[in-house]
Amino acid sequence: QRAPIVNRRPLTRRPQHHEPFIVSLAPQGPKPLANRQGETRSFHPLTNGRGAIEFGVQEGNIALVRGVDVWVNPENTDMEMARVHDPSISGVIRYLGASWSSRGDSDDAVFCALLDRVSADWGVERPVPEGRVFLAESGLLKRTHGVKMIAHVACVTPIDANRPGSGYQLIKDWRQCVGAVLEEVE
């Protein structure tokens with residue numbers, strides 16, 4: 001299995017938590033993706049020897065994105081998804097991927113799928129290595145948003161693992177996450 005050929009041009013700035021990586025597997029060339037404010041970000045085709053995949057970044061509300069095969073969830077190295085009301089990509093994906101009852105109960109489908117995948121691929125040891133990617137089912141997002149899979153990538157670590165509430169920091173080699181996601185999705 002060959003790794004994808006990725007444009008190695010350095011990014012000009014760090015991606016922000018509100019700028020999700022989104023990947024489309026349809027080899028149809030570049031296409032714009034509009035958000036609610038009418039802003040667009042282009043997809044860029046990447047070739048891997050067997051065909052093209054499209055890779056793009058969009059700013060804005062991820063809940064408005066439709067028709068993208070894989071959403072990338074920037075996750076912590078413990079693979080603990082955020083609570084559904086946290087202001088994070090992880091929390092939004094967890095909320096949108098779940099089925100909710102009229103009483104407010106959820107099946108937590110995306111988080112359960114992630115835990116199943118991590119257990120099957122890695123076991124119960126935590127934390128997972130920085131940059132590790134786990135592809136898991138998207139729960140209700142498949143029907144509502146056309147998302148086939150969620151790529152959960154370990155890209156943040158606790159600031160101080162021995163001090164609860166210390167928060168998270170981006171891993172030092174955060175650029176490896178892009179290549180790891182593309183390789184895993186391929």
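- Annotation: side chain of Ile150 is in contact with side chain of Leu141 (closest heavy-atom distance under 4.5 Å).
- Counting heavy atoms from C-beta outward, Glu130 and Thr77 have side chains that approach closer than 4.5 Å.
- Asp121 places no side-chain N or O within donor-acceptor distance of the main-chain N or O of Val118, the cut-off being under 3.5 Å.
- Within the 4.5 Å cutoff, side-chain heavy atoms of Trp100 are placed close to those of Val84.
- Checking side-chain atoms of Ser119 against main-chain N and O of Asp116 turns up no donor-acceptor pair under 3.5 Å.
- Contacts classified as side chain to side chain donor-acceptor pair (under 3.5 Å) and involving residues 149-162 (residues at least two apart or in different chains) are given here: Asn73-His152.
- Atom CG of Asn76 is separated from atom CD1 of Ile171 by 12.0 Å, given to the nearest 0.5 angstrom.
- Checking side-chain atoms of Glu184 against main-chain N and O of Gly179 turns up no donor-acceptor pair under 3.5 Å.
- With sequence neighbours excluded, no residue forms a side-chain hydrogen bond (donor to acceptor under 3.5 Å, both in side chains) with Ser138.
- By the rule that hydrophobic residues join a cluster once side-chain heavy atoms approach within less than 4.5 Å of another member, Met81 and Leu115 end up as members of one cluster.
- Ala180 approaches Gly131 most closely through the heavy-atom pair CB-O, 3.5 Å.
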Val153 vs Glu75, side-chain contact (heavy atoms from CB on, under 4.5 Å): CA-CA, chis, key distance, verdict: CA-CA 6 Å; Val153 59; Glu75 198 54 79; over 6 Å; no
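- Remark: Leu140 CG to Ser106 OG distance equals 10.5 Å, nearest 0.5 Å.
- Both Trp174 and Tyr168 are members of a single hydrophobic cluster when ILVMFWY side chains are connected at heavy-atom separations under 4.5 Å.
- Counting only heavy atoms from C-beta outward, the side chains of Leu114 and Met79 approach each other to under 4.5 Å.
- Annotation: the span from Arg126 atom CZ to Asp78 atom CG amounts to 7.5 Å, rounded to 0.5 Å.
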Applying side-chain contact (heavy atoms from CB on, under 4.5 Å) to Ile62 and Ile89, what does each step give before you reach the verdict? CA-CA 7 Å; Ile62 192 169; Ile89 296 298; 4.2 Å; yes
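- Formation of a donor-acceptor pair under 3.5 Å by the Arg94 side chain with backbone atoms of Ala82 is found in this model.
- The distance from atom SG of Cys155 to atom CG of Asp173, rounded to the nearest 0.5 Å, is 12.0 Å.
- Within the 4.5 Å cutoff, no side-chain heavy atoms of Glu137 are placed close to those of Lys148.
- Panel note: side chain Asp107, backbone Ala109; a donor-acceptor pair is recorded below 3.5 Å.
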Show the numbers, then the answer: is there a side-chain contact (heavy atoms from CB on, under 4.5 Å) between Trp71 and His145? CA-CA 10 Å; Trp71 283 3; His145 290 70; 3.9 Å; yes
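- Using a 4.5 Å cut-off on side-chain heavy atoms (C-beta onward), Val68 and Val147 make no contact.
- Here the straight-line distance linking atom CH2 of Trp122 with atom CZ of Arg117 works out to 14.5 Å at 0.5 Å rounding.
- Listed here is the closest heavy atom pair of Val110 and Gly139: CG2-N, 4.2 Å.
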